[in-house]
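What follows is a single structure, written as structure tokens, with notes after it.
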Amino acid sequence: MNDTPAVPQGVDTSAPHSARVWNYWLGGKDNYPVDRELGDQILRIHPKIAVDARAGRAFLVRTITHLTAEEGVRQFLDIGTGLPTHQNTHEIAQALALESRVVYVDNDPMVLAHARALLTGTSQGATEFVDSDLRDPARVLERAGELLDLERPVGVSIIGTLGHVPTMEEALDLVRAYVDPLPSGSFLIVADAVLPEEGTATEALQEWNKEAALAYRGHTRAEFASYFDGLDLLDPGIGPSPLWRPEPVEVGLAPDTDMYGGVGRKP
Ligand SMILES: C[S@@+](CC[C@H](N)C(=O)[O-])C[C@H]1O[C@@H](n2cnc3c(N)ncnc32)[C@H](O)[C@@H]1O
């Protein structure tokens with residue numbers, strides 16, 4: 001049984017929303033019957049989707065940890081934040097470096113309603129939420145610049161979100177629009193779905209696009225790799241996200257997932 005949360009102002013519970021269905025697959029409670037219905041429908045077609053969602057979050061944790069602990073990054077821009085989970089970007093970064101600053105960006109009213117939970121920055125560090133369409137990078141960067149020093153390196157993370165941008169061309173332009181103005185030593189973290197041409201993942205995607213408020217577009221491996229053009233890829237490069245600098249495990253293998261990941265450094 002999933003306790004259904006009260007409906008915050010502006011939240012539409014008549015159609016499934018990406019952040020809320022994603023939250024359902026992650027095991028969260030910030031979702032409504034309409035989200036769970038589509039979530040279950042997709043799970044029946046393609047049970048691996050829940051693994052994909054978890055793989056994306058785990059990748060976020062490892063990459064933010066790496067950039068903070070090993071690369072000295074102290075500022076992050078988390079685009080397509082989603083609903084809070086038990087390890088959000090500012091918690092990961094500020095646990096390692098208290099002074100880290102994090103700006104979150106999302107345009108889902110449910111995410112906005114939960115933004116307060118994300119804004120528990122430490123006194124030295126600071127966290128901000130920008131309620132904006134990511135397809136307006138000029139506005140997002142202007143707002144982000146109120147907290148972040150955009151003359152200094154920034155880690156930009158976009159997890160499970162670029163597939164929502166209608167065309168690959170626009171998604172690429174957006175990535176460039178976010179990374180180009182940032183100084184050398186900035187990083188781009190991306191995780192998104194790289195899908196085979198046929199199979200249950202493709203069927204699940206068709207079902208999603210019939211029902212959900214916001215369509216999704218899978219990537220070919222080459223399309224995914226193109227997000228990092230002009231950047232220096234950190235080892236081990238691009239591939240299934242669980243293989244990006246995995247933590248040692250006592251038992252078992254890395255999860256099988258279509259959620260690819262990569263991290264690039266701006267030269
Ligand atoms: C699949 S969820 C991923 C959430 C989170 N990054 C994670 O990995 O758990 C995609 C998120 O992108 C957000 N999103 C999609 N299109 C957006 C847009 N045009 N502007 C801002 N946010 C958007 C959705 O609201 C949702 O929270």
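What you see is a predicted model; the values in this text were computed from it and never measured. Just follow the structure's listing: the first ligand is 1, and inside any ligand the first atom is 1.
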For Arg221 against Ile238, the heavy-atom pair lying closest together: NH2-O, 2.9 Å
What part of His17, side chain, backbone, both or neither, has a heavy atom within less than 4.0 angstrom of ligand 1? neither
Name all residues meeting the side-chain contact (heavy atoms from CB on, under 4.5 Å) criterion together with Ser14; count only those two or more places apart in sequence or in a different chain, and write none if there are none. Asp12
Quick one: does Ala53 get within less than 4.0 Å of ligand 1, heavy atoms only? no
Which option wins on minimum heavy-atom distance to atom 24 (C) of ligand 1: Asp108, Asp106, Leu26? Asp106
What's the shortest heavy-atom distance between Met259 and Thr257, and which atoms? N-OG1, 2.9 Å
Could you tell me which atoms of ligand 1, counted from 1 in the order shown, lie closer than 4.0 angstrom to a heavy atom of Ile159? 3 (C), 5 (C), 6 (N), 8 (O)
What part of Ser132, side chain from CB on, backbone N/CA/C/O, both or neither, has a heavy atom under 4.0 Å from ligand 1? backbone
When you check the gap from the basic side-chain N to the acidic O, do Arg20 and Asp30 get nearer than 4.0 Å? no
Atom 12 (O) of ligand 1: the protein heavy-atom neighbour that sits closest, reported with distance to 0.1 Å: Thr161 OG1, 3.3 Å
Do ligand 1 and Asn107 have nitrogen or oxygen atoms that lie under 3.5 Å from each other? yes
If you scan protein heavy atoms around atom 16 (N) of ligand 1, the nearest is Leu214 CD2, 3.5 Å
Heavy-atom check, side chain of Arg62 versus side chain of Phe59, under 4.5 Å: yes
I need the nearest protein heavy-atom contact for atom 20 (N) of ligand 1: residue, atom name and distance, please. Leu134 N, 2.8 Å
How long is the straight-line distance from NE2 of His17 back to CG of Asn23, given to the nearest 0.5 Å? 13.5 Å
Does the plane of the ring in Trp208 sit parallel, tilted or perpendicular to the ring in His164? Use 30° and 60° as the thresholds. tilted
Does even one non-hydrogen atom of Ser18 get within less than 4.0 Å of ligand 1? yes
Would you call Lys210 and Glu207 a salt bridge, using N to O less than 4.0 angstrom? yes
Which protein non-hydrogen atom lies closest to atom 1 (C) of ligand 1, naming both residue and atom, and how far is it? Gly160 O, 3.2 Å
If I take atom CZ from residue Arg36 and atom CG from residue Asn31, how far apart are they, to the nearest 0.5 angstrom? 5.0 Å
Which residues pass the side-chain contact (heavy atoms from CB on, under 4.5 Å) test with Ala171, not counting sequence neighbours? Leu162, Val165, Arg217, Tyr227
Taking atom 19 (N) of ligand 1 as the reference point, the nearest protein heavy atom with its distance: Asp133 OD1, 2.8 Å
Ligand-residue contact atoms, ligand 1 with Thr81, heavy atoms, under 4.0 Å: 4 (C), 5 (C), 6 (N)
Atom 6 (N) of ligand 1 [closest protein heavy-atom partner, distance rounded to 0.1 Å]: Gly80 O, 2.6 Å
Check whether any N or O atom of Arg57, backbone or side chain, sits under 3.5 Å from an N or O atom of ligand 1, and answer yes or no. yes
Under 4.0 Å from one or more heavy atoms of Gly82, ligand 1 contributes atoms 4 (C), 27 (O)
